[in-house]
Protein chains: 2
Amino acid sequence: MSIIKITDETKKESISTEDYLKAIYKLMNVSSGSVKTQDIANKLGVTSAAVSEMVKKLATKELLDYIPYKGVRLLPEGIKKGKLVIRRHRLIELYLHEYLDIPRNMVHEEAEVLEHFASDYLINKMDKKLGFPQFDPHGAPIPDKNGIIPTHKTAIPLSESKKGDVCKIVRVSNFDSELLEHLENEGITIGVLITVSGILEFDGTVQVRIGEKTSSLSTKICQNIWVDPIN
Amino acid sequence: MSIIKITDETKKESISTEDYLKAIYKLMNVSSGSVKTQDIANKLGVTSAAVSEMVKKLATKELLDYIPYKGVRLLPEGIKKGKLVIRRHRLIELYLHEYLDIPRNMVHEEAEVLEHFASDYLINKMDKKLGFPQFDPHGAPIPDKNGIIPTHKTAIPLSESKKGDVCKIVRVSNFDSELLEHLENEGITIGVLITVSGILEFDGTVQVRIGEKTSSLSTKICQNIWVDPIN
DNA sequence: TTAGAAGTTTAAGCATGCTTAAACTTTTTG
DNA sequence: CAAAAAGTTTAAGCATGCTTAAACTTCTAA
């Protein structure tokens, strides 16, 4: 019989808390600095009032620092837990795609739910089956058990590529189902090699060649496609 | 664009409601007739007061008939939904056991949670991968999409076998983790052939031979082991 | 630098589903 | 068959996390 110490770190957080930590973690990576009430509210689809209340509670649990009217910043414990939610999410996405043939544009919504309910035991089994993968089906990095996050070191957004560039698609950083389906149809998927055949001055539309096919991609789309230049 | 009719049948029930329907469904199969408040409370680990309240709500949704002080009886809609929860549970158990190497004595608790969150889409993918199986890792029948439940037609509890019987183990109808681990260690698992080598008059202890090994099983355990006589 | 706009917080209220304690009904038993 | 025991229901209260409306703070632009 072993003695298990129940610390703050061990305790399981509520679904809502996990959602907040994940959302705030992601927002911190964008607007590095403090995260605003309204941004969290938008991300989670709740009112600012709800965020305001919830954030106060998370502060008392020492998951984040909260300065009223100023914003919020995750503390180490909050970062750790946020990363773990993302780890579960991305491993589930990859597992569903690889082993249950669930198309890329559908894995997100399934994982969005299951990330809160798959036990660590189960997650680690999936991780092992998948061979301790580094990236999910959209090329997003999967934090390891210790929270270490792999990177696409040399990747740039396709919107910053130049005419003539040959590059490999390494990430699509958006999970809109319609967009993902469209890209899939165009042959724009992770691992594929493309050549930038032209960029319109007018609005930045990027024309790419994928094998025999060509495809035109708007600036907004290109900002979500990350590529590794080969040349 | 298609028109989707949202009927009572389509609506997703709360986790709690699903737990109640599943519990009541199982209890109806035991004490065929009406199910008592306290039995539900015991099964779910809540107070009778909680059951009393909840059952009233389920009655207004026409999932069951409720006569105060008398008990509860599922209506067709309740039966259908109860079966679907059980279907999800058992398919998940089987999937976890077959594809993620999760031992039999651990699949129950994982499935207990996931049964509420795996989408129908996902469940049907698993069903297909598994080849539309009829029984879960404990030999329990898996209702199909239409609620049809396969049976072990000729099975009897091991507690009713006779000395000299040769039979195949088809079901262990208990999910106590310790018991399951014990049976696994004794070689008593689904599909295995055993010979009843003796039964003690004193307390009904059954002695069985499994290949070279022998094992003694209490009456209580034998009531949970279902076998198909071969001879 | 100050008024209005934009953003945030507080307050009151709701829904779900649980608890305990008290009241009530049914069953058992002497 | 009546009193005690067993079982059930009602009532009040709690926790979580959401909403709207009102109050408050901060930012922005003239």
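Numbered from 1 within each chain, the chains take letters A, B, ... in sequence-line order.
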Item checked: Of A:Glu53, A:Lys36, A:Gln38, the residue whose pairing with A:Ser48 passes side chain to side chain contact (heavy atoms under 4.5 Å, CB included) ->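 By the side chain to side chain contact (heavy atoms under 4.5 Å, CB included) criterion, A:Ser48 pairs with just one of A:Glu53, A:Lys36, A:Gln38: A:Gln38.
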Whole angstrom value for the distance that separates [atom2] of [N] from [atom1] of [X]:
{"X": "B:Lys56", "N": "C:dA15", "atom1": "NZ", "atom2": "C1'", "value": "16 Å"}
{"X": "A:Asp39", "N": "C:dT8", "atom1": "CG", "atom2": "C1'", "value": "13 Å"}
{"X": "B:Glu13", "N": "C:dA15", "atom1": "CD", "atom2": "P", "value": "17 Å"}

Checklist line | Phosphate contact (C:dA6 OP1 or OP2) by A:Lys36 side-chain N/O below 4.0 Å | finding: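 No, no such contact exists.
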Notebook entry, point to check: Using a distance-only test with no angle check, is there a side-chain donor-acceptor pair under 3.5 angstrom linking B:Glu109 and B:Ser177?
Noted result: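 The criterion, which ignores hydrogens and geometry beyond distance, is not satisfied for B:Ser177 and B:Glu109.
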Note to self: Is a donor from one side chain sitting under 3.5 angstrom from an acceptor on the other, for B:Asp19 and B:His116?
What the structure shows: yes
Next item on the list: Answer yes if the ring centres of B:His89 and B:His108 are under 6.0 angstrom apart, and no otherwise.
Entry: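 Yes, close enough.
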Item checked: Nucleic acid footprint by protein, nucleotides 16-28 of chain C - heavy-atom cut-off 4.0 Å, B for base, S for sugar-phosphate alone -> -SBBBB--BSSS-
Margin query: Has A:Lys81 got a side-chain atom pairing as donor or acceptor with A:Ile79's backbone, closer than 3.5 angstrom?
Written below: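 No, the answer is negative, given that no donor and acceptor are paired below the 3.5 Å cut-off.
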Margin query: Donor-acceptor check, side chain of B:Asn146 to backbone of B:Ile148, threshold 3.5 angstrom: yes or no?
Written below: no
